[in-house]
There are 2 protein chains.
Amino acid sequence: MNPRSRSSSDHERVTVDIVIFTIRDTELQVLLVRRGIAPFEGNWAIPGGFVLPKESLDEAARRELREETGVEDVFLEQLYTFGDPERDPRGRVITVAYYALVSPDRAPPLAGSDAAEARWWPAAHTPAPLAFDHDAILATALERLRGKLTYTAIGFELLPKKFTLSQLQRVHEAILGEPLDKRNFRKRVDALGVVRPLKESVNSGAGRPAQLFSFGGRKPANAK
Amino acid sequence: MNPRSRSSSDHERVTVDIVIFTIRDTELQVLLVRRGIAPFEGNWAIPGGFVLPKESLDEAARRELREETGVEDVFLEQLYTFGDPERDPRGRVITVAYYALVSPDRAPPLAGSDAAEARWWPAAHTPAPLAFDHDAILATALERLRGKLTYTAIGFELLPKKFTLSQLQRVHEAILGEPLDKRNFRKRVDALGVVRPLKESVNSGAGRPAQLFSFGGRKPANAK
DNA sequence: TAAATAGTGTCTCTTAGACAATATTAT
DNA sequence: ATAATATTGTCTAAGAGACACTATTTA
């Protein structure tokens, strides 16, 4: 018997769930929506929805992201697929989880095109328990994001196009949850060669004005 | 409208596909099955099958692995989920890809409990093109496996319980496709602290007998 | 004793981390 | 002047990589 010809029940559903991160108040936050209906009525959940028949998983994730926040063209990456048969009490629902990074100047203060209540929560202090297995999904997303920080400078995905190195450092500190040494941080960012100094600077209140940078490396990162 | 209540068509199917690696003839090989029916009749494919209603994705992957090779309790990890709507001409099939590492003493020489023809192929030289998007899945698996080698010593998952450091090095060389320095390799494996010397040694033909090792670190790897 | 395989140490260069003083602005 | 923020370099320790000889066995 060919493995592809084995049959299965017809009751699977596939969703995408998007862990949408932003930085607000120098803190890493996630967008959650409050469920208005059972199961888990009243609990907060990671936004998501069903994959439509003619769209790829990436397209479904981008569509959901747009519907929830209105943003496009942001960092979005597949995370992991969760398929425990008990994860949704209504039936078999397999969800492909994604995570997205949205800069605060593009993230709506209170998001959600759906009528459902939606708001940003500190990623480290979400209203427990979240619906379904969403606590596990969030934990996985945080782990991945922190992992990426150690060998990339992905933080600028959470900043406006022009940013200062102090802002970038604050983003990294917010995600890692620990202070970083300023000189070492700048050395590392410089070594990665992924940000480019602009000919502008800004001063925000008191203090010496800061050099502005933008994404875009000097050299093709690690070209051999 | 609550995101979870959005509806979708009923024609999704979810499969798991398992990229099963082994080492044969000091070469990294993958198990492929030849398709006996359309689509892609005659092409080789990564083994897989539908997820059953009451099993988790991991369980489905373990079951498929057992059915194809008879082995249990081997390294198995979720890889990525592929869901392009055109990937299967028969309809919407979303596949959660896994990869497994099977030691050659446990891997059947010619595997496949299904009647389908099955055999091992050199991972670097599979009969192109594979069915569906399986070339992309295999490429993703290879990338992940190589990535892991640079910061773990996962190679022993591809060896019998007792092995020599030379064997382990040959495994790493087979996966990376390049020779490694013997002294540096042993230094690194030692530093990882994940293998333990046994009180036995073996001699294989001519040459000095080799110390046997087994998996199991001296110290809890990187305990803080 | 020749051929085959196993085992071992040093030096260098790069990278990561600890660490403090000066520069520029607003008030 | 003081407060606030930005910017910059050195030293040390650890890790990565280049590199060659000795040890033990079989035939």
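Throughout, a chain's letter reflects where its sequence line sits, starting with A, and its residues are numbered from 1. All values reported here derive from a predicted model rather than from experimental measurement.
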Just call it for A:N203: base, sugar-phosphate, or nothing, with non-hydrogen atoms closer than 4.0 Å on any strand. sugar-phosphate
Mind checking which nucleotides bracket the chain B contacts on DNA chain C, 5' to 3', with an atom under 4.0 Å from a heavy atom? C:dA4 to C:dT10
On DNA chain D, does the nearest nucleotide to A:R208 precede the nearest nucleotide to A:R183 from the 5' side, or the other way round? Give the residue. A:R208
In whole angstroms, how far is the C1' atom of D:dA6 from the CZ atom of A:R186? 6 Å
Which part of the nucleic acid does B:R188 contact within heavy-atom distance under 4.0 Å: base, sugar-phosphate only, or nothing? nothing
Please step through salt bridge (charged side-chain N to carboxylate O under 4.0 Å, His left out) for the pair A:E55 and A:R62, ending with a clear verdict. CA-CA 10 Å; A:E55 68 187 355; A:R62 294 210 172 272; over 6 Å; no
Among the nucleotides D:dT7, D:dT24, D:dT10, which one has an atom lying closest to any side-chain atom of A:A210? D:dT7
Taken to the nearest whole Å, CZ/A:F185 to P/D:dT7 is 12 Å
If you pin B:A206 and A:P209 to their nearest nucleotides in DNA chain C, which one's is more 5'? B:A206
Check DNA chain C against residues 159-182 of chain B and give the residues with a non-hydrogen atom under 4.0 Å, in numerical order. B:S166, B:K182
With a 4.5 Å cut-off on side-chain heavy atoms, are A:V51 and A:S56 touching? no
Under 3.5 Å, is there a donor-acceptor pair linking the side chains of A:E77 and A:Y98? no
Between A:E59 and A:R63, is a salt bridge (charged side-chain N to carboxylate O under 4.0 Å, His left out) present by the stated rule, with each step listed? CA-CA 6 Å; A:E59 284 162 2; A:R63 176 178 52 74; over 6 Å; no
Are B:F215 and B:K161 side-chain neighbours, meaning at least one heavy-atom pair lies under 4.5 Å? no
Would you say B:L158 and B:I175 make side-chain contact, with heavy atoms under 4.5 Å? yes
Hey, does B:V96 have a side-chain heavy atom less than 4.5 Å from the side chain of B:F82? no
With sequence neighbours excluded, tell me which residues meet side-chain contact (heavy atoms from CB on, under 4.5 Å) with A:P160. A:D105
